[in-house]
Visitor: 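Please find one structure pasted underneath; my questions will follow.
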Number of protein chains: 2
Amino acid sequence: MSDTTIKNMEEFAVVSGISRPTLSKYFNDPESVRQSTKAKIEAALELHAYRPNMYAMNQNRRSTRNIGIIVPFLADPFFAEIARNIENLVINEGYRPILLSSHGDPRQEVENLISLRDIKPAGVLLAPLGRASNIAEVGELCSEFPTVLFDCNIESLNHAFVGHNNTQATDIMVDYLVRTGEPPVYFEMKKPPNPNANKRRLSYINSMERHGLESSIFSVDGESWNFEEIGYSRGKELISSKDITNGTVLFTNDRLAIGFLAAAYEMGLRVGRGNGCALRVAGHDNHPYSRFTCPALTTVSHDYDAISRTSVTRLFDLLENREGGDSTDEQLFPGKLIMRDSA
Amino acid sequence: MSDTTIKNMEEFAVVSGISRPTLSKYFNDPESVRQSTKAKIEAALELHAYRPNMYAMNQNRRSTRNIGIIVPFLADPFFAEIARNIENLVINEGYRPILLSSHGDPRQEVENLISLRDIKPAGVLLAPLGRASNIAEVGELCSEFPTVLFDCNIESLNHAFVGHNNTQATDIMVDYLVRTGEPPVYFEMKKPPNPNANKRRLSYINSMERHGLESSIFSVDGESWNFEEIGYSRGKELISSKDITNGTVLFTNDRLAIGFLAAAYEMGLRVGRGNGCALRVAGHDNHPYSRFTCPALTTVSHDYDAISRTSVTRLFDLLENREGGDSTDEQLFPGKLIMRDSA
DNA sequence: TTTAAAATTTTACGCGCGTAATAAAAATTG
DNA sequence: CAATTTTTATTACGCGCGTAAAATTTTAAA
């Protein structure tokens, strides 16, 4: 690396012997120039370490190469994992991911939508908060930028969506539980922040009905995203009051189940399939920590990989106006039963 | 909101009746203009919804208002929580946080350092990977931008650092364990990715020595950030081989302990303080999930709040050349014993 | 009311790059 | 080899805003 410090493309044009417009072309797409000039530029780049000014670039480009990614709650490893996947896919497409978390707060979500506009993203991947989302604002974003919703649909918007088939996933879990032991009662939050919970409840009811069974639902209080805490404290109450002492409990998501398992352990209630176990517990999501609960949690996994991959693919279809770029289509991927020790 | 769409500050100057330079001043700092003009501007803003072009602003400003935040592993709720705290503090200072995760990968960390330069941050808050970090690159970043390291120091850089007092924290845990039961053996990874682990090991050895006790350390294999998996699988091996059957085990961090607890449960080893319990288990970090393990994990908490708050404060001290802005000072906050059921 | 101080307006230039148009050079074709 | 096509160079303008300097207006102080 030379000592002369290059401060703009003009200067780099001089030292590299390539004209500035050609350099501009190169930085926009290295393959758009002749191999020999590409080599010359890259040789000069080795010597002088110049990078174009991002702000000047994005000010003038028709489109930036930023992709906004918004998740509802990044402190949840579930979303952290998905975000990581998506980030990598976006980078591989030569774009720059901008990751924002709504921290479970609808106002923060709106803040994020606003702050996204500032970076003039080429496209947006948005996992909305759900029930609490400002639908009008989300809708505006969808019409301003190419956007793909994922994980949690806002159906009234009728917009491109990629997600988990909650109905089918709950279905196979209920089937499994009914087939292998006592039919499940259902544990959920009265006001679940995420509308997927509604689909899951309905699917539970329908599945039970199809098996000719009565459904039974515990709808517990709690509105925050502290699901473990809610599962734990409400679980303790229900165990104390003898409302839950045996049988099978299906939770609307793993995090509630994780909290409940802690409560059950503390109350001396043995969970699992073996004999000597008082009750079976099952979750939903295949949360990264569900492998390490006591006992390991039986659950239904999202097809993480397909969902993140398809979200990104569909976004780039939209960006490039490819055939796949249908902006109103909903695309669901089936869940997979993960049998572990808890049920 | 009016129908006339404002596309730049010039146009907004016309409709608001304020000159462009004054508007520029306002958007840079709303308090820097007279109250009456501020009111006029904000009234016009209600009607016309104009936001200055971020790229044009940052191209010309001496300094952007971006603060880069890099954490080693965002899928770890521990860092997700810290990041969330720091983000909020940064926003409250009127800056824009840019959050990047190194995903446990040193190459990704270097990528992040490079990509940070593109956004010309006003300052950087960096929690390095540690052992695997490219020290030269981190050092360069520190000299290029006002930077505060947190969580994990790189001592050879001798740079501003805010973190957890691993020595003291391990100390109080060892004291507690020795005082209340069998003295602990220590469980760690042979090649811990994070150098804090070394401080903790040393502190364990010293504490034991001070108590006149022999230290005993299990250094297990595994290099990744899948700590739970490592704690689980190595734990199972050590329990099978009867190397760990009773007594007290102190883990270098909660995530290893969480994995181990799953192994112990699976192997029928009862953990806790009560009678009928084979062994006690303690962790370190007060990981968000440590409350929900079976049994709940006794651990040492970081002073999350002080660490994030002080990191941000010190960064802004640096930015504004205040007295507190000593760029070579290390600042540690003591840990706090969190007694739960596991030890 | 006069005077000084503070805030705003006017004017003008620059930031670093995208990009269009035309001219020149290089590579490809037959 | 000449004719054609492709690529690069030259020139020039614009993007939206920061910011400096001088002129003007507004406010505060005396």
Side-chain angles (χ1 to χ4, degrees), chain A residues 4-45 48-66 94-96 117-122, chain B residues 4-45 48-66 94-96 117-122:
Chain A
T4 58
T5 171
I6 311 295
K7 53 182 251 292
N8 58 33
M9 207 179 270
E10 197 71 51
E11 293 187 14
F12 186 65
V14 173
V15 300
S16 64
I18 306 288
S19 74
R20 194 173 67 71
T22 303
L23 287 175
S24 174
K25 202 148 173 272
Y26 168 83
F27 284 113
N28 210 0
D29 173 14
E31 301 309 320
S32 68
V33 301
R34 204 187 291 146
Q35 273 301 315
S36 57
T37 64
K38 184 182 169 211
K40 275 205 277 182
I41 293 171
E42 280 163 4
L45 232 31
H48 298 287
Y50 158 76
R51 304 201 87 198
N53 181 313
M54 199 207 168
Y55 297 113
M57 284 177 68
N58 283 333
Q59 177 176 17
N60 299 310
R61 279 219 180 114
R62 306 187 191 291
S63 159
T64 68
R65 289 187 159 270
N66 298 328
Y95 283 69
R96 167 193 272 262
R117 288 180 169 82
D118 285 348
I119 64 169
K120 302 189 185 301
Chain B
T4 59
T5 171
I6 312 295
K7 56 181 250 290
N8 58 32
M9 207 178 271
E10 196 71 50
E11 293 187 13
F12 186 64
V14 173
V15 299
S16 64
I18 306 288
S19 74
R20 194 172 67 71
T22 303
L23 288 175
S24 175
K25 203 150 171 271
Y26 167 84
F27 284 113
N28 209 5
D29 173 14
E31 300 308 320
S32 68
V33 301
R34 206 186 289 147
Q35 273 303 315
S36 58
T37 64
K38 185 183 168 211
K40 276 206 276 182
I41 293 171
E42 280 163 4
L45 234 30
H48 299 285
Y50 158 76
R51 303 202 88 199
N53 181 312
M54 199 207 167
Y55 297 113
M57 283 177 69
N58 284 332
Q59 176 177 19
N60 300 309
R61 279 218 180 116
R62 306 186 190 292
S63 160
T64 68
R65 288 186 162 269
N66 297 327
Y95 283 69
R96 166 192 272 261
R117 287 180 171 81
D118 284 348
I119 65 168
K120 302 190 185 301

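The structure presented is a predicted model; accordingly, all values stated were derived computationally and were not measured. Naming: A, B, ... by sequence-line order, numbering from 1 per chain.
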Visitor: Enumerate the side chain to side chain donor-acceptor pair (under 3.5 Å) contacts for residues 49-59 of chain A, please, sequence neighbours excluded, ordered by first and then second residue.
Guide: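 Every pair satisfying side chain to side chain donor-acceptor pair (under 3.5 Å) with a residue in residues 49-59 of chain A: A:Arg51-B:Asp118, A:Tyr55-B:Asn66.
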Visitor: Which residues satisfy the salt bridge (Lys or Arg N to Asp or Glu O under 4.0 Å) test with A:Glu11, sequence neighbours excluded?
Guide: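 Scan of A:Glu11 (salt bridge (Lys or Arg N to Asp or Glu O under 4.0 Å), adjacent residues dropped) gives A:Lys7.
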Visitor: Reckon B:Tyr50 touches a base, only the sugar-phosphate, or nothing at all at heavy-atom distances under 4.0 Å?
Guide: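 Sugar-phosphate, no base atom in range.
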Visitor: In whole Å, I'd like the distance from the CD atom of B:Glu10 to the P atom of C:dT10.
Guide: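 To the nearest whole Å, that distance equals 10 Å.
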Visitor: Calculate the interatomic distance between A:Gln35 atom CD and D:dT8 atom P; express it in whole Å.
Guide: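 Rounded to whole Å, this separation is 10 Å.
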Visitor: Ignoring backbone atoms, test whether A:Ser19 places a side-chain nitrogen or oxygen under 4.0 Å from the OP1 or OP2 oxygen of D:dT8.
Guide: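 Looking at the OP1 and OP2 atoms of D:dT8, neither is under 4.0 Å from any side-chain N or O of A:Ser19.
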Visitor: Tell me the interatomic distance from A:Lys40, atom NZ, to D:dT7, atom P, rounded to whole angstroms.
Guide: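 It works out to 15 Å between those atoms.
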Visitor: From CD of B:Gln59 over to C1' of D:dG16, roughly how many Å is that when rounded to an integer?
Guide: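 The distance from CD of B:Gln59 to C1' of D:dG16 comes to 9 Å, rounded to the nearest Å.
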Visitor: Using a cut-off of 4.0 Å between protein heavy atoms and nucleotide atoms, how would you tag nucleotides 18-30 of chain D 5' to 3' with B, S and -?
Guide: BBS-----SS---
Visitor: Just jot down the side chain to side chain donor-acceptor pair (under 3.5 Å) partners of A:Ser63, sequence neighbours excluded, or say none.
Guide: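 Result, side chain to side chain donor-acceptor pair (under 3.5 Å) vs A:Ser63: none returned.
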Visitor: Only pairs at least two apart or in different chains count here, so list each salt bridge (Lys or Arg N to Asp or Glu O under 4.0 Å) that has a residue in residues 12-29 of chain B.
Guide: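 Found B:Glu10-B:Arg20.
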Visitor: With sequence neighbours left out, write down each residue that passes side chain to side chain contact (heavy atoms under 4.5 Å, CB included) with B:Val14, or none if nothing qualifies.
Guide: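 In terms of side chain to side chain contact (heavy atoms under 4.5 Å, CB included), with neighbours along the sequence ignored, B:Val14 is linked to no residue.
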Visitor: What is the distance, to the nearest angstrom, from the CE atom on A:Met54 to the C1' atom on C:dC15?
Guide: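 For the pair A:Met54 CE and C:dC15 C1', the rounded distance is 17 Å.
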Visitor: Round to a whole Å and report the spacing from NZ of A:Lys38 to P of D:dT7.
Guide: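 Result: 14 Å.
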Visitor: List the atom of B:Met57, the atom of B:Pro52, and the distance in Å for their closest heavy-atom pair.
Guide: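 Shortest heavy-atom contact: SD-CB, 3.6 Å.
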Visitor: For B:Ile18 and for A:Lys7, find the nucleotide of DNA chain C with the closest heavy atom, then tell me which residue's nucleotide is more 5'.
Guide: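 Its nearest nucleotide being more 5', the pick is B:Ile18.
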Visitor: Specify the separation, in whole Å, of atom CD1 of A:Ile119 and atom C1' of D:dG16.
Guide: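 From A:Ile119 CD1 to D:dG16 C1': 18 Å.
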